[in-house]
Amino acid sequence: MEITPGPLSIRQLAKARAPDPETMATARKFEEMFLAQTVDEMLKSVDTGSFGGGHAEETWRSFLARAFAEQISDQGSTGIAQSVARAIGAYGDGGTENAS
C-alpha cells in the first residue's frame, strides 16, 4: 500500500514560508500558555519543605508559572511557537505554497 502526502503533509509544513508577525504573535501566546500550564504542573510536584504551602502558595503559583513560561518563551529555545506558526501558515495557504 502506498500513502501519498495529503494537502497538509509534514513535508509541505517544513517548507512553508516565514510566518507573518500576527501569526507569530499568536503562536507565541500559545507557547506561553502551554508552557505556563506545564510549569504549573511541575511546581505542584515540588516539595517546598517548611517554606510556603497553603492557600497563598496555590494562589500565587500560577503567576510564578506564567513568569517562568514568559522567560522560557522569550528565549525561543523550545521551537513550539515556530512549529505552531508553520502549521497556522500551512492551513492559511491550503498547504499549496512552496510545495515544489
Exercise for the section: Give the cluster check for M24 versus V84: same hydrophobic cluster or not, with ILVMFWY residues linked at side-chain heavy-atom distances below 4.5 Å. Expected result: no
Practice task
Say whether L43 and F34 are linked into one hydrophobic cluster, either directly or through other cluster members, by side-chain heavy-atom distances under 4.5 angstrom.
Solution key: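 Yes, because L43 and F34 connect within a single hydrophobic cluster, where side-chain heavy atoms sit under 4.5 Å apart.
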Could you list the residues that satisfy side chain to side chain contact (heavy atoms under 4.5 Å, CB included) with [X], not counting sequence neighbours?
{"X": "A36", "answer": "A69"}
{"X": "Q37", "answer": "M33"}
{"X": "K29", "answer": "none"}

Exercise for the section: Would you name the heavy atoms of A81 and A27 that are closest together and state the gap between them? Expected result: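 Closest approach of A81 to A27: O-CB, 3.2 Å.
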Handout entry: OG on S83 to CZ on F30, rounded to 0.5 Å
Key =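 These two atoms lie 10.5 Å from each other.
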Problem - Interatomic spacing from OG1 in T78 to CD1 in I72 - rounded to 0.5 Å - result: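 With rounding to 0.5 Å, OG1 (T78) is 8.5 Å from CD1 (I72).
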Problem - Residues that, via side-chain heavy atoms closer than 4.5 angstrom, fall in one hydrophobic cluster with M42 - result: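 Cluster partners of M42: none, it stands alone.
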Completion exercise
Sequence neighbours excluded, the answer for side-chain hydrogen bond (donor to acceptor under 3.5 Å, both in side chains) partners of E41 is K44
Handout entry: Pairwise side-chain contact, L64 with V39, heavy-atom cut-off 4.5 Å (strictly under)
Key =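 Answer no - side chains too far apart.
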Problem - Any pair counted as salt bridge (Lys or Arg N to Asp or Glu O under 4.0 Å), so long as it reaches residues 65-83, sequence neighbours left out - result: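 Pairs touching residues 65-83 that pass the test: none.
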Exercise for the section: Keeping to residues at least two apart or across chains, list the salt bridge (Lys or Arg N to Asp or Glu O under 4.0 Å) pairs with something in residues 76-85. Expected result: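 Not a single pair qualifies under salt bridge (Lys or Arg N to Asp or Glu O under 4.0 Å).
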Handout entry: Those residues that, when tested against E22, pass salt bridge (charged side-chain N to carboxylate O under 4.0 Å, His left out) (two or more places apart)
Key =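 For E22, no residue satisfies salt bridge (charged side-chain N to carboxylate O under 4.0 Å, His left out) once neighbours in sequence are set aside.
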Problem - salt bridge (charged side-chain N to carboxylate O under 4.0 Å, His left out) partners for R28, two or more places apart - result: E31
Handout entry: Listed partners of F63 passing ring-ring contact (aromatic ring centres under 6.0 Å, His included), at least two apart
Key = W60
